[in-house]
Amino acid sequence: MPPPRKIDLVPAELRERLAEMLAERGFGDIVDVTDELNFWLEEEGLELRIGKTAVGKFSKLLKDQREAFTMAETLLGDMDIEQEGEMHKVLMQMIATSAMQLMQHVREGDGHLDPKDLMSLGRMLKDLMSSADIREKIREDERIRIAQEAREQLQAELQQKFEDAVERGDASDKLSQEAREIMGFA
């Protein structure tokens, strides 16, 4: 197993501060940000020093994540559950295409597949499949909720009509009480 990346050895609080600083500076100014991070590490008494390349990669990752989140939020913001399902299918096809391209690249190259790439691809596929299950559960829950609301509305309308009939005197007290019990209005 490869050794952990140096940036992963930075305490979580400092990584969060680093992420905030990078976002404030538009994910640029890597040299100054790296100097600041190394100053923080020194203040904490840690013997760890991070290079600008590692901070640059971390910055790119954060920027990519933010852009992906913004894109997803924009795309899915106005979609109903059916449209989200279609978007999900498209994403699955894109990932499958990427997997095939990766496999073709391996076959055409030296036949070596970087374990990190394979693990990332596997995790992405697993997460996407998991989200498909969650999405289907959400869709089913939504269908159940809509049906329940329709039943409740119909029951409320029927109860109101019944109460109006009782007020008009169209049913005796005994008959109206029995009807309430039968219809669940009691």
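Index from 1, following the sequence.
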- Query: When rounded to the nearest 0.5 angstrom, what distance separates CG in Asp8 from CZ in Phe58?
  - Reply: 8.5 Å

- Message: Rounded to the nearest 0.5 Å, what separates atom CZ in Phe27 from atom CG in Asp64?
- Response: 9.5 Å

- Query: Should the heavy atoms of other residues, nucleotides or ligands under 6.0 Å from CZ of Arg66 be counted, would the total exceed 12?
  - Reply: no

- Check whether any side-chain heavy atom of Glu142 sits under 4.5 Å from a side-chain heavy atom of Ile146, and report yes or no. yes

- Note on the structure: Here the pair of heavy atoms bringing Arg15 nearest to Ile7 is CD-O, 3.4 Å

- Item | Donor-acceptor under 3.5 Å (Lys6 side chain, Gly51 main chain) | no

- Item | Leu22 side, atom CG; Ile30 side, atom CD1 - distance, nearest 0.5 Å | 5.5 Å

- pair Pro11-Leu41: side-chain heavy atoms closer than 4.5 Å: yes

- Are Trp40 and Glu13 close enough that some pair of their side-chain heavy atoms sits under 4.5 Å apart? no

- Enter the distance from Lys57:NZ to Leu62:CG here, rounded to the nearest 0.5 Å. 14.5 Å

- Check against side chain to side chain donor-acceptor pair (under 3.5 Å), Asn38 and Glu42: CA-CA 6 Å; Asn38 285 319; Glu42 191 175 311; over 6 Å; no

- Any chance you could lay out the side-chain contact (heavy atoms from CB on, under 4.5 Å) test for Val10 and Leu18, step after step, and finish with the verdict? CA-CA 10 Å; Val10 173; Leu18 175 63; over 6 Å; no

- Query: In this structure, which one of Gln153, Arg151, Arg145 forms a side-chain hydrogen bond (donor to acceptor under 3.5 Å, both in side chains) with Glu149?
  - Reply: Arg145

- Query: Between CG of Leu46 and CG of Leu9, what distance do you get to the nearest 0.5 Å?
  - Reply: 10.0 Å

- Message: Do Glu36 and Asp32 have side chains that approach each other closer than 4.5 Å (heavy atoms only, starting at C-beta)?
- Response: no

- Check against side chain to side chain donor-acceptor pair (under 3.5 Å), Gln148 and Glu152: CA-CA 6 Å; Gln148 178 65 28; Glu152 289 171 359; 2.8 Å; yes

- With rounding to the nearest 0.5 Å, note down the distance linking CG in Leu37 to CG in Leu48. 8.0 Å

